[in-house]
S.K.: 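Structure incoming, see below.
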Amino acid sequence: MGKDTDIDLMLRFGQGDETAFRSLYMTYRKKIINYCYRFFFDLGTAEELSQEVFMRVYKAGSRYRPEAEFSTWLFKIATHLCLNELRKKRYKNWFVSLDSEEGSVANQLADPSPEILAVMEGRERKKKITSAIRALPGKQRAAVLLREYHGFSYKEIAFQLGQSESSVKALIFRGRDHLKQTLCGEFGEGL
Amino acid sequence: MKKTCEQSVRLQLLKDNALEKEAADRVKEHLRECEPCQDEWDSMNALSRVLSELDDQEVPPDFDRTFWMRVDEYNGKGLFSFFGGRSAGRWRIAFAPLLAAIIMAAGLYVSVQTMGNKVEELSLSDQMDLLDDFDVVNNLDLLEDWVAMNQMKEDS
């Protein structure tokens, strides 16, 4: 489905066509859930925020004016909700130790099979990537996620974050640098 | 310690397809010759590979049901649907003149009632001897008027 069609669908929804909204919802719900999930790595929070994103789109209805691609606008709503959520104190000092539980379980097993070890190592790696992303400041995190996982351009990310393109370049550069520094100890010098 | 090259900042722009074709070609040319930039390029691609190791989450089983329930609630099946919802706009337009008339009638009724109280208070001022202490305190302004009126009568 082309992006222009998404704008058409949203405009049709604004004129009362509910099926147009359903189509947009089905196309984007998983992407939005995953974006919110990678912001917090908490499925409950991701679910709540994603529902709110689509409720806002639904409520926008006839007031919607296409000022950017539909997906850019949709992720802008999601980004604002995620950044607001991040500002709430409950996530500020949230830090997960890099000493994983799986690692300690592996140490306790007398002779784990290679398959179990591989699964554990995989989970361990994911946990470290998760911690590294979660350690990024809000706007850096948003910019890196929007670029790396959703392929938005600098111009689109600038619209989503309400920043200039040059600020977005700097945010992504610093975000990647931060991730490389955090992860290179764990994933080798290749980073 | 890794060597760095001042061109390395442009590598990010190349990776993110943010360079014009001519500029991109120049950076690619430089990349072929510069070892620190090759390291940086490999490192950026390695990071993308590492990040792609995170699996996509599936849509939670109750997500759709909860969402469409919220939509239904907003849309007219909820308690306060008249004041919100997508169809509320048309109803609001239809009922707006009626609502305005009700508000005006209510306002008129309240003002008439208030006028009635004033008339009652004025008639009380003519019968000050019937007021007990509590009423006198509550109607000090009327009492003052009454004293002033008496004073004027005496003067005349």
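These numbers come from a predicted model, not from an experiment. A note on names: the letters A, B, ... follow the listed sequences, proteins ahead of strands, and every chain is numbered from 1. These numbers come from the heavy atoms of this one structure, side chains and all, not from hydrogens, waters or symmetry mates.
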S.K.: Determine whether a donor-acceptor pair (N or O, by modelled atom type, separation under 3.5 Å) exists between the side chain of Gln7(B) and the backbone of Val27(B).
M.R.: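 Answer holds: no.
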S.K.: Tell me, for Phe54(A) versus chain B, whether the close heavy atoms (under 4.5 Å) come from the side chain, the backbone, both or neither.
M.R.: both
S.K.: Measure Phe173(A) against the heavy atoms of chain B and call it side chain, backbone, both or neither at under 4.5 Å.
M.R.: both
S.K.: Do Arg38(A) and Gln57(B) have side chains that approach each other closer than 4.5 Å (heavy atoms only, starting at C-beta)?
M.R.: no
S.K.: Hey, is the main chain of Phe39(A) close enough, under 3.5 Å, to the side chain of Arg134(A) for a donor-acceptor pair?
M.R.: no
S.K.: Would you mind reporting whether Val53(A) and Phe75(A) have side-chain heavy atoms less than 4.5 Å apart?
M.R.: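 Answer no - side chains too far apart.
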S.K.: Compute both the distance and the angle, then confirm whether Arg29(A) meets the cation-pi test with Phe63(B): under 6.0 Å from the six-membered ring centre, within 45 degrees of the axis.
M.R.: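 No; the conditions do not both hold, so Arg29(A) does not lie above the ring face of Phe63(B).
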S.K.: Could you verify whether a donor N or O on one side chain and an acceptor N or O on the other, from Ser50(A) and Tyr35(A), lie under 3.5 Å apart?
M.R.: no
S.K.: Can a donor-acceptor pair be found between the side chains of Gln181(A) and Asp177(A) at a distance below 3.5 Å?
M.R.: yes
S.K.: Given that the side chain runs from C-beta out, which part of Arg147(A) has a heavy atom under 4.5 Å from chain B: side chain, backbone, both or neither?
M.R.: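 Only the side chain of Arg147(A) comes within 4.5 Å of chain B.
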S.K.: I'd like to verify something: which residue of Pro60(B), Ala18(B), Ser52(B) has the highest number of heavy-atom pairs under 4.5 Å with chain A?
M.R.: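 Maximum pair count with chain A is reached by Pro60(B).
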S.K.: Under 4.5 Å from any heavy atom of chain A, what part of Asn45(B) do you find: side chain, backbone, both or neither?
M.R.: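 Answer is neither: Asn45(B) stays 4.5 Å or more from chain A.
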S.K.: Before accepting this row, confirm whether a basic side-chain N of the pair Lys128(A)/Glu53(B) lies closer than 4.0 Å to the acidic partner's carboxylate O.
M.R.: no
S.K.: Quick check, are the ring centers of Tyr58(A) and Phe13(A) under 6.0 angstrom apart?
M.R.: yes
S.K.: Report, by ascending residue number, the residues of residues 161-171 of chain A in heavy-atom contact with chain B at a distance under 4.5 Å; give 'none' if the set is empty.
M.R.: Lys169(A)
S.K.: Using a 4.5 angstrom heavy-atom cutoff, name the option from Glu52(A), Lys31(A), Lys155(A) with the most pairs to chain B.
M.R.: Glu52(A)
S.K.: Which one of Leu179(A), Leu183(A), Thr130(A) has the most heavy-atom pairs closer than 4.5 Å to chain B?
M.R.: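 Sorted descending by pairs with chain B, the first entry is Leu179(A).
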S.K.: Give the ring-plane orientation class for Trp68(B) versus Tyr25(A), where under 30° counts as parallel, over 60° as perpendicular and anything between as tilted.
M.R.: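 Plane angle over 60°, so perpendicular.
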S.K.: Who among Arg125(A), Glu148(A), Met26(A), Glu47(A) has the most heavy-atom pairs with chain B under 4.5 Å?
M.R.: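 Greatest number of close heavy-atom pairs with chain B: Glu47(A).
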S.K.: Which bit of Ile133(A) is near chain B, if near means a heavy-atom gap under 4.5 Å: side chain, backbone, both or neither?
M.R.: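 Side chain only.
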